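Please read the structure below before turning to the comments.
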Amino acid sequence: QVQLVESGGGLVQAGGSLRLSCAASGRSFSSYSMGWFRQAPGKEREFVAAINWSGGSAYYADSVKGRFTISRDNAKNTVYLQMNSLKPEDTAVYYCAADHGAVPSGTWDYWGQGTQVTVSS
């Protein structure tokens with residue numbers, strides 16, 4: 001069992017930056033792929049970014065490519081999402097997720113509770 005706790009959300013002006021963190025419990029963190037998703041009001045949850053077990057490969061949605069960076073620190077059991085050049089359309093609840101596979105498979109086994117990100121124009 002893995003528990004995920006997100007932090008770092010908040011209110012920021014357009015063009016600003018935030019860094020989200022997701023702390024994971026359990027001894028097998030370094031064997032999991034990790035991902036970030038978001039859900040805006042009235043919309044379905046969507047993929048944002050993912051990273052493989054070592055941090056050597058990262059994947060991004062087109063909407064955030066070049067602005068967001070996913071990274072992980074396996075010694076700290078933590079995955080990060082650095083968000084730069086934020087836009088009002090980035091406003092959403094951001095969720096962290098874990099996949100048992102070393103490479104993201106598209107099947108996410110564990111989810112955090114989410115953290116709110118609000119970008120004002």
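Keep in mind the model is a prediction, meaning the values are calculated, not measured. All values below come from the heavy atoms of this structure, side chains included, with hydrogens, waters and symmetry mates left out.
To the nearest 0.5 Å, atom CD of residue Gln39 and atom CD of residue Gln116 are 11.0 Å apart. Put simply, CH2 on Trp36 and OH on Tyr80 are 10.5 Å apart, with the number rounded to the nearest 0.5 Å. Here the straight-line distance linking atom NE2 of His100 with atom OG of Ser28 works out to 9.0 Å at 0.5 Å rounding. Taking OG of Ser71 as the reference point, atom CE of Met34 lies at 11.5 Å (rounded to 0.5 Å). The OH atom of Tyr59 sits 5.5 Å away from the CG atom of Asn52 when rounded to the nearest 0.5 Å. The line from CD1 of Ile70 to OG of Ser57 is 11.5 Å long, rounded to the nearest 0.5 Å.
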Compile the donor-acceptor pairs under 3.5 Å between side chains in residues 15-25 and protein atoms, sequence neighbours left out, one pair per line.
{"from": "Ser17", "atom 1": "OG", "to": "Asn84", "atom 2": "OD1", "distance (Å)": "2.9"}
{"from": "Ser25", "atom 1": "OG", "to": "Gln3", "atom 2": "N", "distance (Å)": "2.9"}

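For Asp99, the salt bridge (charged side-chain N to carboxylate O under 4.0 Å, His left out) criterion is met by no residue, not counting sequence neighbours. Residues that satisfy the side chain to side chain donor-acceptor pair (under 3.5 Å) test with Tyr32, not counting sequence neighbours, are absent from this structure.
In this structure, Thr78 contributes its side chain and Asp73 its backbone to no donor-acceptor pair below 3.5 Å. Of the possible donor and acceptor atoms, none in the side chain of Arg45 sits under 3.5 Å from a partner among the backbone N and O of Val93. No donor-acceptor pair closer than 3.5 Å links the side chain of Thr118 to the backbone N or O of Thr91. Counting only distance, with no hydrogens or angles, the side chain of Asn77 and the backbone of Gly26 share a donor-acceptor pair below 3.5 Å.
Using a 4.0 Å cut-off between charged nitrogen and carboxylate oxygen, Asp90 and Lys87 do not count as a salt-bridge pair.
Between Phe37 and Trp108, the two ring planes are perpendicular [angle over 60°; tilted spans 30° to 60°].
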**OP:** Given side chain to side chain contact (heavy atoms under 4.5 Å, CB included), test Gln1 with Tyr110 step by step and report yes or no.
**Re:** CA-CA 8 Å; Gln1 190 75 6; Tyr110 304 102; 3.9 Å; yes
Original post:
What do the steps show when you test Trp111 against Cys96 for side chain to side chain contact (heavy atoms under 4.5 Å, CB included), and what is the final call?
Top reply: CA-CA 6 Å; Trp111 293 86; Cys96 173; over 6 Å; no
**OP:** Could you walk me through whether Val12 and Met83 pass the side chain to side chain contact (heavy atoms under 4.5 Å, CB included) test, one step at a time?
**Re:** CA-CA 11 Å; Val12 64; Met83 306 186 294; over 6 Å; no
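Summarising the geometry of Ala92 relative to Ala40, their closest heavy-atom pair is CB-N, 3.8 Å, with the distance given to 0.1 Å. Summarising the geometry of Gln113 relative to Glu6, their closest heavy-atom pair is N-OE1, 3.1 Å, with the distance given to 0.1 Å. Between Val79 and Phe29, the shortest heavy-atom contact is N-CZ, 4.1 Å. Taking all atoms of both residues into account, the shortest heavy-atom contact from Tyr60 to Ala49 is CD2-CB, 3.7 Å. The two residues Pro104 and Ser33 have their closest heavy-atom pair at N-OG, 3.0 Å.
Side-chain contact check for Val64 versus Arg38: some heavy-atom pair is nearer than 4.5 Å.
Within a 6.0 Å sphere centred on NZ of Lys43, heavy atoms belonging to other residues, nucleotides or ligands number 12 at most.
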